[in-house]
Amino acid sequence: WGKYEVIINHATCGGKRDCISTIEKVVSGVLDRRMIKKSSDCMRNDKNGSCVVKLIEEETYRVTTGVAKVSKYNGVVSGDNYTFMNNGDGSFIVALSDGMGSGQKAAMQSRITIDLLEQFMESGFDRDTTIKMINSILLLKSGDESFSTIDLSVIDLYDGDVEFVKVGAVPTFIKRSDRVEVVRTASLPAGIFSHIELELIHKKVGSGDFIIMMTDGAYDLFKGDEGNDKFLQKYIDGIKSLNPQHIADKILE
C-alpha cells in the first residue's frame, strides 16, 4: 500500500532485544523514515540460532473508540451492529449497520451486513466492490425484506485522510477544536435496488479530532427548530470531554 516493509533474518541475540535497541534504529536511518517492529513477540528459533524481525512504517495516528447503545423499548436485542478494524494496511475501519425494523430480525440483517463487510475488507476488496457485493447478497434475500444501512468510515493512519461511504445512513459528525462538520449523502439502504451508486466523501482529520457516527435511533431524536443537523452540531460542540466513551454516553443520554 505504498509503505515499506522490511524482513530481516539474523543470528539470535539471546533475548537481549537487539531488534528494538539496534535494528529498528539502523533500518530507520537507512530508509530515512521511522520503522518499528510489527510484533512485540520474540521470533527467535533457538534450535538453529536464528531470529526473524518484521519492520513496518510507524503510523502517524492512533485511534481510540467509544460505543454507547440501547435497545428499542428497552428490549434485549438491538437491530444495530458495528465493528472496528485495524485493517493491517495502515487503515482503521469503523462501520455501523441498521437493520430494517427492530429486534431479532433487524439484528440478524445488520449482523450479516457487518460480517460480510469485515470479510470482504480483510480479503483486500476495495470499498466500492465490497458495498456492491453486500448489496447483491442482500438483494438475493430481498424476498425476506433484508434491507440494512451501511455507514463506513475508513481512516488512513498515515496521513489522516478519511473516506466516508454511506448507504441509507444518517449524517456523521466531525468534532474539531473550533467547529463541528456534517458529512451526509442521500441514498437508500442496501438490498433495495440491483444497481447502487456510491458517493464517496473525503475529509482530513488531525490529532484530537473526533468522528461521531450514529444510527437513526439516536439521530431522529435530536429535533430542533433549525433541524437535526444544526441541533446536533451545537450539542456536540458543547461537549468538552476528550474521552470518546464519555462523548458517546452524553449523546445517548
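Scope of the values below: all heavy atoms of this structure, side chains included, with no hydrogens, waters or symmetry mates. Here the structure is a predicted model, which means the values were calculated and not measured.
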Problem set entry | ILVMFWY clustering at 4.5 Å (side-chain atoms), partners of V52 | I7
Exercise. Taking all atoms of both residues into account, what is the closest heavy-atom pair of A68 and A248, and its distance?
Worked result: CB-O, 3.5 Å
For this session: Could you list all the salt bridge (Lys or Arg N to Asp or Glu O under 4.0 Å) pairs where at least one residue sits in residues 230-252, not counting sequence neighbours?
Result: E226-K234
Problem set entry | Any donor-acceptor N or O pair under 3.5 Å, side chains T215, D80 | yes
For this session: Go through the steps to decide whether K54 and E5 satisfy the test salt bridge (charged side-chain N to carboxylate O under 4.0 Å, His left out), and finish with yes or no.
Result: CA-CA 7 Å; K54 183 174 183 178; E5 277 188 359; 3.6 Å; yes
Problem set entry | Note, F173 side chain near V182 side chain (heavy atom, < 4.5 Å) | yes
Problem set entry | Side-chain heavy-atom pair M121, E118 within 4.5 angstrom cut-off | no
Exercise. So which pairs with a foot in residues 84-116 pass ring pair (Phe, Tyr, Trp, His ring centres under 6.0 Å), sequence neighbours left out?
Worked result: Y82-F84
Exercise. Side chains of M214 and L232: does their closest heavy-atom pair fall under 4.5 Å?
Worked result: yes
Problem set entry | Within 6.0 Å of CD in E58, more than 12 heavy atoms from elsewhere | yes
Problem set entry | N81 side chain to S110 side chain, donor-acceptor N/O pair below 3.5 angstrom | yes
For this session: Using a 4.5 Å cut-off on heavy atoms from C-beta on, say whether the side chain of I150 contacts that of I134.
Result: yes
Exercise. So, does Q109 use its side chain to make a donor-acceptor pair with the main chain of M100 at under 3.5 Å?
Worked result: yes
For this session: Look up atom CD in E57 and atom CZ in R33, then write down how far apart they are to the nearest 0.5 Å.
Result: 4.5 Å
Problem set entry | Value rounded to 0.5 Å, distance of CD in E122 from CG in L117 | 10.0 Å
Exercise. What distance separates T130 OG1 from L152 CG, expressed to the nearest 0.5 Å?
Worked result: 8.5 Å
Problem set entry | Residue pair K132 / T129, side-chain heavy-atom distance below 4.5 Å | no
Exercise. Without hydrogens or angle criteria, can the side chains of T113 and S148 be said to hold a donor-acceptor pair below 3.5 Å?
Worked result: yes
Problem set entry | From V183, V94, I155, residue fulfilling side-chain contact (heavy atoms from CB on, under 4.5 Å) relative to I211 | I155
Seminar exercise, completed: Q119 meets the side chain to side chain contact (heavy atoms under 4.5 Å, CB included) criterion, sequence neighbours left out, with D115
For this session: Report yes if the side chains of N9 and S50 come closer than 4.5 Å at any heavy-atom pair, otherwise no.
Result: no
Exercise. Taking it one step at a time, do V167 and D151 satisfy side-chain contact (heavy atoms from CB on, under 4.5 Å)?
Worked result: CA-CA 6 Å; V167 182; D151 197 357; over 6 Å; no
For this session: Apply side chain to side chain contact (heavy atoms under 4.5 Å, CB included) to D156 and list each qualifying residue two or more places apart in sequence or on a separate chain.
Result: Y158, D159, D161
Problem set entry | Atom of S28, atom of M35 and distance for their closest heavy-atom approach | OG-N, 2.9 Å
Exercise. Does a side-chain N-to-carboxylate-O contact under 4.0 Å join R184 and D229?
Worked result: yes
Seminar exercise, completed: d(H10 NE2, C51 SG) to nearest 0.5 Å is 4.0 Å
Exercise. If you measure from NZ on K166 to CG on L200, what distance do you get to the nearest 0.5 Å?
Worked result: 12.5 Å
For this session: Scan residues 168-181 for pairs that pass salt bridge (Lys or Arg N to Asp or Glu O under 4.0 Å), counting only residues two or more places apart or in two chains.
Result: R176-E181, R176-D209, R179-E181, E181-K203
For this session: With the side chain counted from C-beta on, respond yes when F164 and T172 share a heavy-atom pair under 4.5 Å apart, and no when they do not.
Result: yes
Problem set entry | Separation of F125 CZ from I131 CD1 (nearest 0.5 Å) | 13.0 Å
Problem set entry | Donor-acceptor under 3.5 Å (Q233 side chain, V180 main chain) | yes
Seminar exercise, completed: Taking every heavy atom of S78 against every heavy atom of A107, the minimum-distance pair comes out as O-CB, 3.2 Å
Problem set entry | V162 and V154, any side-chain heavy atoms less than 4.5 Å apart | no
For this session: Mark yes or no for whether Q245, through its side chain, and V67, through its backbone, hold a donor-acceptor pair below 3.5 Å.
Result: yes
Problem set entry | Distance-minimising heavy-atom pair for S241 and F210 | O-CZ, 4.2 Å
Problem set entry | E163 (side chain) donor-acceptor with I201 (main chain) under 3.5 angstrom | no
